[in-house]
Amino acid sequence: MKSEPEEFSIDDLRQCPNQTEPWNGVRNYQARNLIRDEMQKGDLAFFYHSSCAEPGIAGIMTITSSAYPDPTAFDPKGKYYDLKSRRDAPTWYLVDVKFKRKMKCIIPLGELKDHKPLQRMKLLQRGSRLSVMPVSQREWDYILKLE
DNA sequence: GCCAACGTTGGC
DNA sequence: GCCAACGTTGGC
């Protein structure tokens, strides 16, 4: 799951109450589908820092809820407002995430690209811009060994 | 700041 | 349903 650290970083998540935060603001249908249909309470996710000096995997978090409607879509004054999402027919969903740990060091995007077993990761596909992407068990385990 | 790639919008 | 125009993302 991607976030721009200047907006919201792994350290910001660690400092949240109960180290938990709703992962709101996802406004892409593919990402929405992954959140709504694929994520389960108890799953783990990498926290990826994007659009920054050192893009890469910064830490690990736990999904602590199943998907529920993103309330920020209902707030006309908020930057994530979307009038087509209605309370009786929500368009956008989110999950709650909880800080688990930081990586010992950020695992840079450039390093991930160097490893053949990772070359099929969604993150590394050309033009891939999704803010939420699947990671296979095999990729997950391999990345943990890069620390 | 540049630009490639992708998503969304809207006229037809 | 097509597709051009425009907006956004994100690495570099």
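Just so we're on the same page: letters track the sequence lines, and every chain starts at 1.
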So which pairs with a foot in residues 39-61 of chain A pass side-chain hydrogen bond (donor to acceptor under 3.5 Å, both in side chains), sequence neighbours left out?
none
Phe46(A) and Trp140(A): aromatic ring centres closer than 6.0 Å?
yes
Between atom CH2 of Trp92(A) and atom OH of Tyr29(A), what is the distance when rounded to the nearest 0.5 Å?
4.0 Å
Rounded to whole Å, how long is the line connecting atom CZ of Arg126(A) with atom P of dC6(B)?
7 Å
Residues at least two apart in sequence or cross-chain that pass ring-ring contact (aromatic ring centres under 6.0 Å, His included) with Tyr68(A), listed by chain then number, are none
Main chain of Gln15(A), side chain of Gln19(A): is a donor-acceptor contact present, judged purely on distance under 3.5 Å?
no
Between protein and nucleotides 7-12 of chain C, map the contacts as a letter string: B base, S sugar-phosphate only, - none, heavy atoms under 4.0 Å, written 5' to 3'.
BBBBSS
